[in-house]
Amino acid sequence: MPVSRPELSDSRVIAHVDMDCFYVQVEQRKQQSLRGQPTAVVQYNSWQGGGLIAVSYEARKFGVKRSMRGDEAKKVCPEIHLVQVPVARGKADLNSYRNAGSEVVTILSRRGRCERASIDEVYLDLTIAAEAMLVDNPPECLETISEEVVKSHVLGLEEDGSNAREKVGHWLTRSDASRRDKLLACGAFIVAELRLQVLEETEFTCSAGIAHNKMLAKLASGMNKPAQQTVVPFSSICKLLGMLPIKKMKQLGGKLGTSLQIDLGVKTVGDLLQFSEEKLQEYYGVNTGSWLWNTARGISGEEVKERLLPNSHGSGKTFPGPRALKTVPSVEKWLSELCEELSERLQFDLEQNKRIAHTLTLHAHAYKSNDIDSFKKFPSKSCPLRYGTSKIKEDALILFQAGLREYLGLYNFKISGNQNSGWGITGLSVSASKIIAIPSGTRSIMNYFHNQQETCPQVKLSSEKLIQDAPLLSPSENGGHMTLQSIEPWISCSEEDEETKHSLPLDRQLDKEMCKEKLPDKETSICSSPDAEVYRGWEKDQTESNGDYLTEKIRDSLESEEGKRKLNKEKGMSTISRYFQSQNSGDLLKVEHASTSKLSESPSLSDHQSEPPQENSPARGESSVDARLCSHIKLKRPAWSYDIDEIDQDVLNELPKQIQEEVQAWLRPQKRPHTVKRDSGIARYFLPAKNK
Ligand code: TTP
């Protein structure tokens, strides 16, 4: 749901920086012979030459497009070099791209507040730097202007003809310009300088948009690519939006955009100007209505958030066609790979950035071949995240089973057991979100946890409760938000039933015997979490366990203070300089069976809500138990709302395509129930506008 925010100030200077054909550039830096050559990066799956995910600008000239497969690209451009994405654990390994993105972010963050928006996109708030430049070193007083700055495009300026650069140079250095335009001109100087630094230090080119807000800066960054920048003066906004097709505007690519086209006959964003704010609110609700009204005028108060690190981590893989996973053990095998990668990244984030993720989410894409209900989507499920590879694997499997159970319906799930009953998984991913930095004043995590000990009562639950209480999330109908019935902190197996315990592999038995940890279930930061006792158990486990938990090394690093963090920062910088100088499935099945039976005894709340038991259905009795359990849970525990928007675009890009689409669908604004319907009276009322 778009949120309407009034413009904070009309003289902010915001830049959106977008890397050019990013994965290709990363591969070209690894393999210098590819520079200037038509090149594309292809997916791990090599069918028909692999799907293209990034295409160099040299290849684009031949008509090569991202939608093509390698074989097709070879036909239109026989000289093209196809580079496969690096592979690890049988899937694409995006670490080199992620790290390259971090190098760029480090440079771009030098001049102002920096928000990493995706693997290759950054927003910068350069207001303070631009104001300072205007005072200390105004463009009108400069004797020379760098080539990179005069190469800028200024919207609204007639740039055709031989004297385009002259015109741009004049615009940038006008002494009679408004303060707003002067600040934008300063922004153009700063961004050009930053882009040059990025090129010198990383060998990557990027493009940028410079405007008074994020929305306009983002629109502009893609207008002139590669390696160029575009400025959006206030006076050009009306014309820009007047020509912008409605679907091209962020948040309007989905249902809301379609409704505007069909119901209001709107073709461009500027067409919205004909509607009053009240009218738009009447049709789309107060918030969305105001947002639309502001958007038509290029108004957006969205702030650049200080964020250099991703909001979430994810690992996913697709299994197209005959490769679909058709048994629980095969899903478990792949989940294991994905969870290992996720866990590695979480450990790295913890060690490097002292950040802890709180929510584990499983997404899957599935089909049912023998069911009229085959359009039904596999529900995404989430639960509090427990650190340690084996715990993440264990929890991901439970989430998968809960999702499968909901997807198949309790009855089919029970009869299918581990046998395939016509279902297949074509995409699978796990992600970790709600990542919170450990407060900077905290001397160490351990210290921090100790400080919290006295305030929090310890909660112990049986393993039965673990399964019952595993708070399963599914996307709600409401605007892409997921609602979590947050239960007690999630505790593992201190009172494990013997059968389950002994069916575990030895390492898991040890692990389970040692662990008594739980993680907080509150949305609050660790700092104020009343569940800090949670960490006491957790800390204890780290000491006792020698397996999956934080290693001694990580613990040592966590003991470090602010100075050490600074050192890390410097280390990161010197890395860049250096670069340039050198130019068991049987046992598992039993566990799964045990978990499955418990899960089926205690469906999630969403199960209960979405699947009322059928008359004479074998699930009927159980569901009434569920109903009691659910109402008990509802009464006793606060709801934990989980905002899907917090999943990074970065992470979304890494997820299998179908899952991306599904998640994007939640992110897309939902039309209000009272929205105008096609052919409704109101729609007809607006038809004349369409016919103009
Ligand atoms: P984009 O910024 O969308 O594209 P790009 O950087 O390749 O090209 P452009 O110059 O037009 O911006 O995506 C950034 C990287 O993300 C891209 O290099 C590869 C990856 N990616 C995927 O893996 N799958 C996708 O579907 C898309 C869109 C991008």
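As the structure lists them, so they are numbered: ligands from 1, and atoms in each ligand from 1. Small disclaimer: the values here were computed from a predicted structure and weren't measured. Only this structure's heavy atoms are used, side chains among them; waters, hydrogens and symmetry mates stay out.
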Quiz item: cation-pi between K368 and Y407, 6.0 Å / 45°:
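Yes, cation above the ring, under 6.0 Å and within 45°.
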A cation-pi test, strictly: NZ or CZ of K317 under 6.0 Å from the centre of the six-membered ring of W334 and no more than 45 degrees from its axis. Yes or no?
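Pair K317/W334 counts as cation-pi.
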Counting each atom of ligand 1 from 1 as listed, which ones have a heavy atom of [X] under 4.0 Å away?
X    : result
K225 : 9 (P), 10 (O), 12 (O)
Y57  : 9 (P), 10 (O), 11 (O)
D18  : 2 (O), 12 (O)
D120 : 2 (O), 6 (O), 14 (C)
M19  : 6 (O), 10 (O), 12 (O)
R60  : 8 (O), 9 (P), 10 (O), 11 (O)

Could you pull out the closest heavy-atom pair between A73 and L52, with the gap in Å?
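So the minimum-distance heavy-atom pair works out to CB-CD2, 3.9 Å.
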Measure the distances from the heavy atoms of E121 to every atom of ligand 1 and state whether one is below 4.0 angstrom.
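Distance cut 4.0 Å: E121 fails for ligand 1.
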Taking distance alone, with no angle check, do V55 and ligand 1 share an N/O pair under 3.5 Å?
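No, there is no polar N/O contact under 3.5 Å.
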Can you find an N/O atom of C21 closer than 3.5 Å to an N/O atom of ligand 1?
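Yes.
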Go through the side-chain N and O atoms of Q229 and H153 and say whether any donor and acceptor fall under 3.5 Å apart.
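Side chains of Q229 and H153: no pair found under 3.5 Å.
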